[in-house]
Trainee: 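Starting off with a structure, shown below.
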Amino acid sequence: MGSVTPKVSLLDTTLREGEQTPGVYFDVHIKVAIADLLNEIGLDIIEAGHPAVTDEIQHAVEEIAGRNLHARVGAHARSLKADVDLALECGVQFLGIFYCVAEERLTHHSKGLTQAVEQISQVISYAKALKPDLVVRYTPEDAVRSSFENVIFAASEAAHAGADVISIADTTGFMIPGTKHNLYDYVSRLKDELAKRSLSPRIAVHCHNDRGLALANALDGYRAGAEIIDASVMGLGERAGIVDLAILLAVLVNDFNARDDLRLNKLPELYHLVSKYSGLPIPVNFPVIGENAFTHCAGVHTQAALKNPLHYQSLDPSIVGRKSKIALDHMSGLSAVRYSLDQIGEENTDRAFALRILEKVKEVGQRGRTVDLTELKYIVRYLSEQS
Ligand code: HCA
Ligand code: CU
């Protein structure tokens, strides 16, 4: 990729969207720990919660906003003055206001477009008047399935009222790169239309993962000029969730040279924290963070990877502070066994004995287990006693 790519800001919403995962709840002290790690990694915006939901969420947002983090701490709000008041009482520096302008929703709420947009504008002006340095984002929820005219009307009026950011929400994970419903064209067209009106709010993209395309869509939006990308740890969120933070950061840093100031080596700690307290395990094959993300297994693979890991790796594990690993199971070959024997100080094992060890490793592997280095020591001891 070229080295001249626009700087992108990163918004993490693990504490807001992520907590909308059924059954997921983080205690206030855990939220604070998550926010601190996000801040250390270098996130630009932390969406800390929607204070109107519960008193405890309000308290958590207040705690996090009061920590003087480098990241801007934000709250989520409906287009209601009461929600703005509550958010500002928490001391946030960022406020996300959402309101859907799709015809069906407006009809459902018995609102005309003009009336809805008036309410959105009034709430934004109200927030800006109360706190002029507040960064305000307006999100036309389900933007991509709403009529484009309605979105552009609402977005322009919101920008006129003082919104700094317009977020394009693919609330239902509807977009597909390369089809007529793609975020690249959507963001390009939106930016053009806003520019025609002499408006240039920053564009954010919030992509849900219903079709497994959240990241692809977010990158499409980014290539079209979106300057803020929303993500969450483990992609947590409603239904299939949203863009996964670690994968997004790895790709932006490694492949787009989009940032050079992030501490990606803190990501594993963050993921283990969120996994533990959300009660959701990180799948072993989860990219970048999963236990097996940099583990080589099959004989042909390990043999090649031991010579040069890049034979079977396109991402360097050290970018997140990890190392390549070799797994021993029924797929293993002699080179993997030799490599592992070296690691337990058995580098002088003769070939015949190494082959017997391999046979045992394959036997264990066929039962659906891998042999770790401790078990390998037991195997070595057991077989040497047999001979
Ligand atoms: C929600 C929906 C939302 C809002 C995004 C935003 C979406 O849970 O309220 O306010 O920017 O996906 O549209 O997450
Ligand atoms: Cu969402």
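Nothing fancy with the numbering, it's 1 onward along the sequence. Order of listing sets the numbers, starting from 1, for every ligand and every atom in it.
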Trainee: Show the atoms of ligand 1 that are less than 4.0 angstrom away from any heavy atom in E141.
Mentor: 2 (C), 13 (O)
Trainee: Report the atom name of the nearest N/O/S atom of H206 relative to the Cu ion (ligand 2).
Mentor: NE2
Trainee: Does R137 qualify as a cation-pi partner of F94, given the criterion of NZ or CZ under 6.0 Å from the six-membered ring centre and within 45 degrees of its axis?
Mentor: no
Trainee: Is it the side chain, the backbone, both or neither of R16 that has a heavy atom closer than 4.0 Å to ligand 1?
Mentor: side chain
Trainee: Could you tell me whether a side-chain N or O of N217 sits under 3.5 Å from a main-chain N or O of L213, the two making a donor and an acceptor?
Mentor: yes
Trainee: What atoms in ligand 1 come closer than 4.0 Å to a heavy atom of R137?
Mentor: 6 (C), 10 (O), 11 (O)
Trainee: Can you name the atoms of ligand 1, numbered from 1 with element, that are less than 4.0 Å from a heavy atom of E17?
Mentor: 14 (O)
Trainee: Identify, by atom number and element, the atoms of ligand 1 in contact range of A169, meaning under 4.0 Å from any of its heavy atoms.
Mentor: 13 (O)
Trainee: S125: what forms a side chain to side chain donor-acceptor pair (under 3.5 Å) with it, not counting sequence neighbours?
Mentor: none
Trainee: Tell me, which protein residue and heavy-atom name are nearest atom 11 (O) of ligand 1, and how many Å apart are they?
Mentor: T139 OG1, 2.7 Å
Trainee: Mark up the atoms of ligand 1 that fall under 4.0 Å of a heavy atom belonging to H208, in ascending order.
Mentor: 12 (O)
Trainee: So is K31 actually on top of F26's ring, under 6.0 Å and inside 45° of the axis?
Mentor: no
Trainee: Please report whether ligand 1 has a polar contact with S167, defined as an N or O pair separated by less than 3.5 Å (distance criterion only).
Mentor: no
Trainee: What pairs of donor and acceptor atoms, side-chain ones from residues 310-317 against any protein atom, are under 3.5 angstrom apart with sequence neighbours left out?
Mentor:
| from | atom 1 | to | atom 2 | distance (Å) |
| --- | --- | --- | --- | --- |
| Q313 | OE1 | H296 | NE2 | 2.8 |
| Q313 | OE1 | S324 | OG | 2.7 |
| D316 | OD1 | S318 | N | 2.9 |
| D316 | OD1 | S318 | OG | 3.0 |
| D316 | OD2 | S318 | OG | 3.1 |

Trainee: List the closest protein heavy-atom neighbour of atom 13 (O) of ligand 1: residue, atom name, distance to the nearest 0.1 Å.
Mentor: T171 OG1, 2.6 Å
Trainee: For Q20, counting its heavy atoms only, list the atoms of ligand 1 lying under 4.0 Å from any of them.
Mentor: 8 (O)
Trainee: Answer yes or no: is there a donor N or O on one side and an acceptor on the other, between the side chain of D164 and the main chain of V136, under 3.5 Å?
Mentor: yes
Trainee: Look at the side chain of N182 and the backbone N and O of T179, then say whether any donor-acceptor pair between them is shorter than 3.5 Å.
Mentor: yes
Trainee: Between Y186 and F148 (judged by ring centroids, cut-off 6.0 Å), do the two rings come close enough to count as a pair?
Mentor: yes
Trainee: Taking the six-membered ring for Trp, are Y25 and Y277 closer than 6.0 Å centroid to centroid?
Mentor: no
Trainee: Using a heavy-atom cut-off of under 4.0 Å, does the side chain or the backbone of E238 touch ligand 1, or both, or neither?
Mentor: neither
Trainee: If you have a sec, work out which protein heavy atom is nearest atom 9 (O) of ligand 1 and how many Å separate them, to one decimal?
Mentor: H76 CE1, 3.4 Å
Trainee: Return the name of the atom in E17, of element N, O or S, nearest to the Cu ion (ligand 2).
Mentor: OE1
